Amino acid sequence: METKELSKAQKTEQKIQLVKGEFTRSEASFVVNALLDEKINFHKIQRLQIWEGDHGRETNQLDGRIAELEEEKRIAKAFIKEASNLGHTFKINGSLEITINS
């Protein structure tokens, strides 16, 4: 397999606008939960793949990240509920930034 270097003119960064807009409580909850659930599931699949390869291998880093994301999900749910009870709608702006490591 041949390795190619990036030319000076090639992009080394890309931004993707994932979410942008105003949302009701149910829409905001759905969007936030869906994004967090996808990331949580990604890490769970990684953990399962590691376990399948070596039942004794540590997955503490993945376990910690899953717990962090589950806590963020809990916090977001409470935040949306509290603000919604006060009659607010929600603006969500989320982008994904991809850069190439040198």
Side-chain angles (χ1 to χ4, degrees):
M1 179 178 275
E2 190 176 316
T3 304
K4 295 182 180 179
E5 288 188 31
L6 292 175
S7 70
K8 296 282 184 203
Q10 281 186 299
K11 284 173 52 169
T12 59
E13 180 177 295
Q14 180 177 357
K15 293 182 183 177
I16 301 168
Q17 187 70 44
L18 292 176
V19 183
K20 184 177 184 180
E22 292 188 27
F23 301 90
T24 65
R25 174 187 179 169
S26 62
E27 292 168 336
S29 290
F30 179 82
V31 168
V32 171
N33 284 330
L35 290 169
L36 287 169
D37 284 343
E38 275 301 315
K39 190 61 177 164
I40 290 167
N41 287 338
F42 172 78
H43 289 306
K44 286 181 176 180
I45 289 169
Q46 282 185 314
R47 184 175 62 187
L48 179 61
Q49 289 172 336
I50 289 169
W51 180 83
E52 286 176 338
D54 179 0
H55 293 346
R57 189 164 161 204
E58 293 290 326
T59 58
N60 295 339
Q61 188 175 12
L62 288 171
D63 295 338
R65 185 64 180 136
I66 291 167
E68 287 173 8
L69 290 168
E70 288 174 341
E71 177 64 9
E72 291 297 333
K73 185 176 166 183
R74 186 195 65 74
I75 291 168
K77 183 178 180 179
F79 174 78
I80 291 169
K81 181 180 179 182
E82 183 179 336
S84 180
N85 288 341
L86 297 172
H88 298 289
T89 57
F90 304 89
K91 183 188 279 189
I92 301 175
N93 183 20
S95 61
L96 179 65
E97 204 172 296
I98 306 167
T99 57
I100 296 173
N101 286 334
S102 299

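Please read these numbers as outputs of a predicted model, since none were measured by experiment.
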So, for Q17 and G94, which heavy atoms are closest and what is the spacing to 0.1 Å? NE2-O, 3.4 Å

Same cluster (ILVMFWY, side-chain, under 4.5 Å), L18 and F30: no

Closest non-hydrogen atoms of V32 and A76, given as atom of the first, atom of the second and distance, are CG1-CB, 3.8 Å

Would L96 and F42 show up in the same hydrophobic cluster when neighbours are defined by side-chain heavy atoms closer than 4.5 Å? no

Applying the side-chain contact (heavy atoms from CB on, under 4.5 Å) test to R47, which of Q49, K44, H43 qualifies? K44

First locate atom CD1 of I80, then atom CG of N85, and finally report the distance between them rounded to the nearest 0.5 Å. 12.0 Å

Take atom CD in E13; do more than 12 heavy atoms of anything else shown fall under 6.0 Å from it? yes

Are T59 and D63 linked by a side-chain donor-acceptor pair shorter than 3.5 Å? yes

First locate atom NZ of K77, then atom CG of L36, and finally report the distance between them rounded to the nearest 0.5 Å. 12.5 Å

Taking C-beta and beyond as the side chain, do K81 and R25 meet within less than 4.5 Å on heavy atoms? yes

Between I100 and K11, which heavy-atom pair has the shortest distance, and what is it? CD1-O, 3.7 Å

What are the two closest heavy atoms between Q14 and I16, and how far apart are they? NE2-CG1, 4.0 Å

Locate the shortest heavy-atom distance separating E22 from T89; write the atom from each residue and the value. OE1-OG1, 4.5 Å

Should F23 and S29 count as side-chain neighbours, where that means a heavy-atom distance under 4.5 Å? no

Does H88 use its side chain to pair, donor to acceptor, with the backbone of S84 at less than 3.5 Å? no

Which distance, rounded to the nearest 0.5 Å, do you find between the CG of L35 and the CD1 of I40? 11.0 Å

Determine whether more than 12 heavy atoms belonging to other residues, nucleotides or ligands lie under 6.0 Å from atom CD of E27. yes

Quickly, which of R65, E71, K73 forms a side-chain contact (heavy atoms from CB on, under 4.5 Å) with L69? Name it, please. R65

For residues I92 and F79: do they belong to one hydrophobic cluster (side chain heavy atoms under 4.5 Å, members Ile, Leu, Val, Met, Phe, Trp, Tyr)? yes

V19 reachable from I98 in the ILVMFWY side-chain graph, under 4.5 Å edges: yes

Taking CD in E52 as the centre, count heavy atoms belonging to other residues, nucleotides or ligands within less than 6.0 Å. Is the count above 12? yes

